[in-house]
Chemist: 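Once you've had a glance at the structure underneath, I'll fire off some questions.
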Amino acid sequence: MSNSLQILAGSVTTAVNGSVVTLQNVSIEVNDGKIINISPIDENTRTSGKGVLDRRGCLVTPGFIDAHTHLFPPTDRAAEFAMRPIKSY
(Lines give C-alpha, C1' and ligand atoms only; values in the text may rest on other atoms or scores of the structure.)
Protein backbone atom coordinates (compact mmCIF):
# COMPACT_ATOMS: atom_id res chain seq x y z
CA MET A 1 0.00 0.00 0.00
CA SER A 2 1.45 3.38 -0.99
CA ASN A 3 1.47 6.43 1.23
CA SER A 4 0.50 9.50 -0.80
CA LEU A 5 0.27 13.18 0.06
CA GLN A 6 -0.64 16.27 -1.93
CA ILE A 7 0.78 19.57 -0.70
CA LEU A 8 -0.80 22.78 -2.00
CA ALA A 9 1.84 25.51 -1.83
CA GLY A 10 1.71 29.25 -2.32
CA SER A 11 5.27 29.15 -3.59
CA VAL A 12 8.02 26.56 -3.87
CA THR A 13 11.71 27.45 -3.93
CA THR A 14 13.99 24.72 -5.25
CA ALA A 15 17.03 24.16 -7.43
CA VAL A 16 16.70 23.27 -11.11
CA ASN A 17 19.78 22.65 -13.28
CA GLY A 18 22.04 24.60 -10.89
CA SER A 19 19.72 27.60 -10.54
CA VAL A 20 17.38 28.55 -7.72
CA VAL A 21 13.80 28.96 -8.94
CA THR A 22 10.52 29.91 -7.27
CA LEU A 23 7.26 28.47 -8.57
CA GLN A 24 3.93 30.06 -7.59
CA ASN A 25 0.66 28.30 -6.65
CA VAL A 26 1.69 24.69 -7.18
CA SER A 27 0.61 21.22 -6.13
CA ILE A 28 3.35 18.88 -4.91
CA GLU A 29 2.53 15.18 -5.20
CA VAL A 30 4.41 12.91 -2.79
CA ASN A 31 4.28 9.12 -2.92
CA ASP A 32 6.09 6.93 -0.36
CA GLY A 33 8.11 9.93 0.82
CA LYS A 34 9.34 10.99 -2.64
CA ILE A 35 8.22 13.97 -4.70
CA ILE A 36 6.79 12.55 -7.92
CA ASN A 37 5.30 15.68 -9.49
CA ILE A 38 5.07 19.45 -9.11
CA SER A 39 2.39 21.13 -11.20
CA PRO A 40 0.34 24.35 -11.23
CA ILE A 41 -2.85 24.37 -9.17
CA ASP A 42 -5.80 24.39 -11.59
CA GLU A 43 -9.49 23.43 -11.68
CA ASN A 44 -8.57 19.71 -11.68
CA THR A 45 -6.44 19.91 -8.52
CA ARG A 46 -7.91 18.16 -5.48
CA THR A 47 -7.93 20.84 -2.75
CA SER A 48 -9.42 19.02 0.24
CA GLY A 49 -9.84 15.60 1.78
CA LYS A 50 -7.60 12.90 3.17
CA GLY A 51 -3.97 13.25 2.13
CA VAL A 52 -4.19 16.95 1.18
CA LEU A 53 -2.04 19.44 3.09
CA ASP A 54 -3.12 22.99 2.23
CA ARG A 55 -0.16 25.33 2.60
CA ARG A 56 -1.27 27.96 0.11
CA GLY A 57 0.12 31.29 1.24
CA CYS A 58 3.25 29.54 2.56
CA LEU A 59 6.74 29.00 1.16
CA VAL A 60 7.70 25.32 0.73
CA THR A 61 11.36 24.35 0.25
CA PRO A 62 11.61 20.68 -0.73
CA GLY A 63 15.03 19.11 -0.57
CA PHE A 64 16.83 21.68 1.57
CA ILE A 65 18.36 19.60 4.33
CA ASP A 66 21.34 21.52 5.72
CA ALA A 67 19.73 24.18 7.90
CA HIS A 68 22.70 26.52 7.41
CA THR A 69 23.08 26.31 3.64
CA HIS A 70 22.41 29.57 1.85
CA LEU A 71 20.42 29.57 -1.38
CA PHE A 72 23.04 31.62 -3.26
CA PRO A 73 25.33 31.14 -5.07
CA PRO A 74 23.74 28.20 -6.92
CA THR A 75 27.07 26.59 -7.73
CA ASP A 76 28.81 23.35 -6.85
CA ARG A 77 29.90 23.60 -3.20
CA ALA A 78 31.36 20.08 -2.86
CA ALA A 79 34.88 21.38 -2.10
CA GLU A 80 33.54 23.67 0.64
CA PHE A 81 31.63 20.81 2.28
CA ALA A 82 34.70 18.54 2.07
CA MET A 83 36.71 21.09 4.10
CA ARG A 84 34.20 21.10 6.97
CA PRO A 85 35.43 19.24 10.03
CA ILE A 86 33.38 16.25 11.06
CA LYS A 87 31.47 17.06 14.25
CA SER A 88 29.54 14.80 16.55
CA TYR A 89 26.76 16.55 18.47
Chemist: With rounding to the nearest 0.5 Å, note down the distance linking CG in L53 to SG in C58.
Modeler: 9.0 Å
Chemist: Taking side-chain contact (heavy atoms from CB on, under 4.5 Å) as the definition, give me every residue that meets it alongside Q24, ordered by chain and number, with sequence neighbours left out.
Modeler: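 In terms of side-chain contact (heavy atoms from CB on, under 4.5 Å), with neighbours along the sequence ignored, Q24 is linked to S11, T22.
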Chemist: Under the side-chain contact (heavy atoms from CB on, under 4.5 Å) test, which residues partner I41, sequence neighbours left out?
Modeler: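 In terms of side-chain contact (heavy atoms from CB on, under 4.5 Å), with neighbours along the sequence ignored, I41 is linked to L8, S27, T45, R56.
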Chemist: Return the CD1 to CD1 distance between I35 and I28, rounded to the nearest 0.5 Å.
Modeler: 6.0 Å
Chemist: Give the minimum heavy-atom separation between D42 and N44, together with the two atoms involved.
Modeler: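 Heavy-atom minimum between the residues: OD1-N, 2.8 Å.
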Chemist: Which ILVMFWY residues can you reach from I36 by hopping between side chains whose heavy atoms are under 4.5 Å apart?
Modeler: none
Chemist: Got a sec, which residues hit salt bridge (Lys or Arg N to Asp or Glu O under 4.0 Å) with R46, two or more places apart in sequence or on another chain?
Modeler: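 With neighbours one apart ignored, the set is empty.
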Chemist: Are any side-chain N or O atoms of D32 and backbone N or O atoms of N3, one a donor and one an acceptor, separated by less than 3.5 Å?
Modeler: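 Checking the backbone N and O of N3 against the side chain of D32, a donor-acceptor pair under 3.5 Å is found.
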Chemist: Apply side-chain contact (heavy atoms from CB on, under 4.5 Å) to N25 and list each qualifying residue two or more places apart in sequence or on a separate chain.
Modeler: none
Chemist: With sequence neighbours left out, what residues match T47 under side-chain hydrogen bond (donor to acceptor under 3.5 Å, both in side chains)?
Modeler: none
